[in-house]
Amino acid sequence: MTVTASPTSRAAEILSRPVALNGLTVPNRIVMAPMTRMFSPGGVPGEDVRSYYARRAAAGVGLIVTEGTYVGHESAGQSDRVPRFHGEEQLAGWAKVAEAVHEAGGTIVPQLWHIGMVRKQGEPPYADAPAVGPSGIRVDGTEGTGKAMTQRDLDDVVGAFAEAAAAAERIGFDGVELHGAHGYLLDQFLWAGTNRRTDAYGGDPVARTKFAAEIVAAVRAAVSPDFPVIFRYSQWKQEAYGARLAETPQELEAILTPLAAAGVDAFHASTRRYWLPEFEGSDLNLAGWTKKLTGRPTITVGSVGLDGDFLRAFAGKGAPVHGLDNLLDRLERDEFDLVAVGRALLQDPQWAAKVLGDRFEELQPYDGTALKTLS
Ligand SMILES: Cc1cc2nc3c(=O)[nH]c(=O)nc-3n(C[C@H](O)[C@H](O)[C@H](O)COP(=O)(O)O)c2cc1C
């Protein structure tokens with residue numbers, strides 16, 4: 001079933017316009033943000049994961065970005081309950097997820113993930129592999145706790161992302177999102193705090209972008225030319241909330257330009273509150289700047305529909321409902337193109353149907369209970 005918007009509501013009118021990401025037409029502007037759930041024992045997404053995503057597609061989410069899913073590299077992950085994007089059984093599980101979302105009228109991309117130096121003690125099949133990163137430094141600054149990647153390691157990880165992207169296209173997904181945000185492996189290269197390399201992969205912002213750009217180029221080459229490649233990035237890091245990749249629009253441009261040139265079709269600019277200006281002297285948020293600097297379609301995210309950012313969720317706290325007027329104004333101005341929704345969609349699988357159907361009085365505050373189940 002596809003949810004049709006009520007023509008009377010401003011939200012419906014603005015949010016239900018289709019948008020093209022390379023060869024993919026997303027039926028509306030609502031994106032489900034990637035959210036790690038850890039409900040896939042053995043790395044295999046099962047029937048419950050399938051219906052969890054299909055339920056949200058059936059209720060009108062235009063594009064689902066799956067929870068982060070590990071690429072096929074020995075150090076990519078640490079939990080055996082996070083779904084993997086390699087292996088026969090795992091990919092067969094994912095193929096059914098994509099099929100169910102399509103049957104429900106939605107589109108879906110996997111978020112391909114390597115956690116790098118965030119890795120601590122791993123579970124099988126990740127138990128013995130080292131944590132790897134640009135310089136063996138953790139996001140919190142602890143040195144010497146992991147392995148600085150060799151050229152061979154870099155090439156292996158590039159290959160793992162390319163293989164996962166090719167698999168995504170083969171098993172019926174609509175594109176891929178590369179997880180370059182929040183202090184995980186790709187972001188560890190982008191950020192000077194974790195990248196102290198003195199070879200071609202370290203130094204100025206362009207050099208720090210080289211590894212991510214190589215991954216984008218390899219992914220681009222592994223899939224059809226019209227298969228969308230989305231790149232998610234952030235200024236903040238999971239273990240360093242105040243960290244910034246770029247202090248100025250010029251620094252941001254130095255990072256984004258090589259990524260766009262390597263073949264990124266759309267950027268997903270991860271912030272905690274979408275209404276905050278990114279740089280002084282302009283109202284534009286990070287997605288707004290990204291669109292202005294690259295000309296690519298962008299996805300915004302961060303406290304959509306809720307008052308109180310998502311760190312509150314990790315602290316076990318809820319968040320009240322918040323209006324969408326500011327968001328709609330920005331969409332109307334074409335500051336960005338799509339809107340990713342995290343906790344509000346965790347809480348309520350019907351969130352998109354309510355927003356598109358002008359049923360705002362039915363929206364629920366976020367209370368954290370949805371973290372415990374795949375409801
Ligand atoms: C439970 C949970 C798991 C998350 N897992 C991921 C993830 O796997 N990949 C990712 O890029 N972001 C992840 N995030 C961040 C969300 O994608 C999103 O950016 C954040 O929740 C802000 O959106 P919100 O305010 O609408 O919740 C996660 C957030 C939550 C609450």
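Reckoned from all heavy atoms, side chains included, excluding hydrogens, waters and symmetry mates. Just so you know, ligand 1 is whichever comes first in the structure, and atom 1 is the first atom listed for that ligand. This is a predicted model, so every value here is computed, not measured.
- Taking the ring axis of Phe231 as reference, the NZ or CZ atom of Arg296 does not stay both within 45° of it and closer than 6.0 Å to the ring centre.
- Side chain of Tyr70 to main chain of Gln78: a donor-acceptor pair is present (N/O by atom type, distance under 3.5 Å, no hydrogens or angles).
- Here the side chain of Asp204 pairs a donor or acceptor atom with the backbone of Ala207 at under 3.5 angstrom.
- Residue-ligand proximity, Gly68 to ligand 1, at heavy-atom distances under 4.0 Å covers atoms 8 (O).
- Ligand 1 places these atoms under 4.0 Å from at least one heavy atom of Gly302: 25 (O).
- Across the listed options Glu177, Arg37, Arg343, Gln238, Arg343 owns the non-hydrogen atom lying nearest to atom 24 (P) of ligand 1.
- Protein heavy atom in closest approach to atom 3 (C) of ligand 1: Thr36 N, 3.3 Å.
- For atom 13 (C) of ligand 1, the closest non-hydrogen atom on the protein side is Pro34 O, 3.0 Å.
- Scanning all protein heavy atoms for the shortest distance to atom 26 (O) of ligand 1 gives Gly342 N, 2.9 Å.
- A donor-acceptor pair under 3.5 Å links the side-chain atoms of Arg119 to the main chain of Ala129, judged by distance alone.
- Under the 3.5 Å distance criterion, the side-chain polar atoms of Glu169 are left unmatched by any main-chain donor or acceptor of Phe227.
- When only non-hydrogen protein atoms are considered, atom 9 (N) of ligand 1 lies nearest to Gln111 OE1, 2.9 Å.
- From the protein, the heavy atom lying nearest to atom 29 (C) of ligand 1 is Met35 CG, 3.8 Å.
- Numbered from 1 in the order shown, with element, the atoms of ligand 1 that lie under 4.0 Å from a heavy atom of His182 read 10 (C), 11 (O), 12 (N).
- Ranking the protein heavy atoms by distance from atom 1 (C) of ligand 1 puts Leu371 CD2, 3.5 Å first.
- Considering each of Ile115, Val341, Val301, the one bringing a non-hydrogen atom nearest atom 23 (O) of ligand 1 is Val301.
- Contact analysis leaves Ala344 out of contact with ligand 1, as no non-hydrogen atom separation drops below 4.0 angstrom.
- Those atoms of ligand 1 with a heavy atom of Ala33 less than 4.0 angstrom away are 17 (O).
- Heavy atoms of Ser303 come nearer than 4.0 angstrom to ligand 1 in at least one pair.
- Both tests do not hold together for Lys291 against Phe336: distance to the six-membered ring centre under 6.0 Å, angle to the ring axis within 45°.
- Residue contacts with ligand 1: Leu306 is excluded, as none of its non-hydrogen atoms falls under 4.0 Å.
- Remark: side-chain polar atoms of Asn285 are not paired, donor with acceptor, to backbone N or O of Trp275 under 3.5 angstrom.
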| query | After noting the C-alpha distance and the side-chain angles of Glu278 and Arg244, does the key distance pass the salt bridge (charged side-chain N to carboxylate O under 4.0 Å, His left out) rule? | reply | CA-CA 10 Å; Glu278 192 55 44; Arg244 283 167 77 78; 3.2 Å; yes
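- Although no hydrogens or angles enter the test, the distance criterion places no donor-acceptor pair under 3.5 Å between the side chain of Ser375 and the main chain of Ala370.
- Nearest protein heavy-atom contact of atom 22 (C) of ligand 1 is Phe310 CD2, 3.7 Å.
- Here the heavy atom of the protein found nearest to atom 11 (O) of ligand 1 is Arg232 NH1, 2.7 Å.
- Formation of a donor-acceptor pair under 3.5 Å by the His179 side chain with backbone atoms of Ala181 is found in this model.
- Checking side-chain atoms of Ser135 against main-chain N and O of Ile137 turns up no donor-acceptor pair under 3.5 Å.
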